[in-house]
Amino acid sequence: MLEFNQGQLYQMVENDDDFVNWYKDRFMPEHLPEFHFSPIQDESKREMILQGRAYARKFNLKTVPAHAHFITMMFNIGPNFFTFPGFRHALTKPWDNEEQVIDRLYNVSFEHAERAMKGADDRYWWPDTITSKERR
């Protein structure tokens, strides 16, 4: 059996199709089983993952681990978590490396996280359904 270190794995899933397949088929069953085994169609999951990756890139996150963390937060907190105070600040505050950003996201206060969860808007998985007036 072949064994890969993390760096090799990330190189293998760098393009969008491979990333989606890895995240949906290998990552989600272990880390997001409630979404993996939900009745959401695979094609919809694919679109959601791709949209999450696009949002992550808008915040200048470039690596596979950063994309996986960002998308996981979209699933766990809400697809528009990044529009809420605390998270928005963590993503836009100057940083030296992506690990700092991810650490800041995980250290956002419970109050900010709770507000983001209550204000979750599933339309952010499909941003074409949101008018520019509705965007925060």
Side-chain angles (χ1 to χ4, degrees):
M1 180 191 304
L2 290 175
E3 290 189 25
F4 297 97
N5 66 35
Q6 242 181 356
Q8 290 169 318
L9 172 65
Y10 295 149
Q11 286 177 341
M12 291 173 56
V13 297
E14 192 60 39
N15 74 56
D16 283 343
D17 285 337
D18 291 339
F19 179 86
V20 168
N21 291 332
W22 167 78
Y23 191 90
K24 183 174 65 64
D25 299 332
R26 296 186 65 193
F27 184 87
M28 285 182 88
E30 183 177 342
H31 300 284
L32 295 165
E34 67 278 18
F35 291 104
H36 178 74
F37 297 108
S38 75
I40 299 170
Q41 297 293 317
D42 277 356
E43 189 53 39
S44 293
K45 288 177 193 170
R46 175 181 171 64
E47 291 175 32
M48 294 162 83
I49 294 165
L50 286 172
Q51 188 56 52
R53 202 168 198 205
Y55 283 126
R57 288 177 174 142
K58 286 181 182 180
F59 289 105
N60 206 28
L61 299 174
K62 298 177 181 175
T63 65
V64 168
H67 293 174
H69 283 288
F70 190 92
I71 295 165
T72 301
M73 287 189 154
M74 289 179 73
F75 277 108
N76 282 328
I77 298 170
N80 59 323
F81 81 92
F82 51 84
T83 65
F84 288 87
F87 295 108
R88 174 65 107 193
H89 178 74
L91 287 160
T92 58
K93 184 178 174 184
W95 47 277
D96 293 328
N97 60 57
E98 290 181 334
E99 290 82 17
Q100 287 178 322
V101 176
I102 300 305
D103 286 344
R104 285 199 303 247
L105 288 172
Y106 282 111
N107 286 304
V108 167
S109 74
F110 176 77
E111 291 78 20
H112 285 302
E114 185 177 41
R115 197 171 309 137
M117 286 185 253
K118 287 180 180 177
D121 186 344
D122 283 341
R123 294 176 305 159
Y124 276 74
W125 290 119
W126 297 276
D128 293 344
T129 65
I130 305 169
T131 65
S132 59
K133 212 182 231 188
E134 294 174 304
R135 292 179 201 255
R136 294 184 191 154

With distance as the sole test, does Asn80 use its side chain to make a donor-acceptor pair with the main-chain N or O of Asp121 at under 3.5 Å?
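Yes, the answer is positive, given that a donor and an acceptor are paired below the 3.5 Å cut-off.
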Counterpart residues, salt bridge (charged side-chain N to carboxylate O under 4.0 Å, His left out), relative to [X] (two or more places apart):
{"X": "Arg115", "value": "none"}
{"X": "Asp16", "value": "Arg53, Arg57"}
{"X": "Arg46", "value": "Asp17"}

Do Phe81 and Val108 have side chains that get closer than 4.5 Å, going by heavy atoms?
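The answer is no, as the side chains (C-beta and beyond) never meet within the 4.5 Å cut-off.
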Just to verify, what does [X] make a side chain to side chain contact (heavy atoms under 4.5 Å, CB included) with, not counting sequence neighbours?
{"X": "Asp122", "result": "Pro79, Trp125"}
{"X": "Glu47", "result": "Glu43, Trp126"}
{"X": "Gln51", "result": "Ala54, Tyr55, Pro127"}
{"X": "Ala113", "result": "Phe87, Met117"}

Set of ring pair (Phe, Tyr, Trp, His ring centres under 6.0 Å) partners for His69, sequence neighbours left out
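Testing His69 for ring pair (Phe, Tyr, Trp, His ring centres under 6.0 Å), a comparison that skips the adjacent residues, returns Tyr106.
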If I take atom CH2 from residue Trp95 and atom CG from residue Leu91, how far apart are they, to the nearest 0.5 angstrom?
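If we round to the nearest 0.5 Å, Trp95:CH2 and Leu91:CG are 9.5 Å apart.
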Result block: side-chain N/O donor-acceptor pairs under 3.5 angstrom for residues 27-39, not counting sequence neighbours:
residue: His36; atom: ND1; partner: Lys24; partner atom: O; Å: 3.0
residue: Ser38; atom: OG; partner: Phe35; partner atom: O; Å: 2.8
residue: Ser38; atom: OG; partner: Ile40; partner atom: N; Å: 3.3

Go through the structure and list residues passing side chain to side chain donor-acceptor pair (under 3.5 Å) with Glu114, not counting sequence neighbours.
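Testing Glu114 for side chain to side chain donor-acceptor pair (under 3.5 Å), a comparison that skips the adjacent residues, returns none.
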Side chain to side chain donor-acceptor pair (under 3.5 Å) partners of Thr63, counting only residues at least two apart:
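Glu98.
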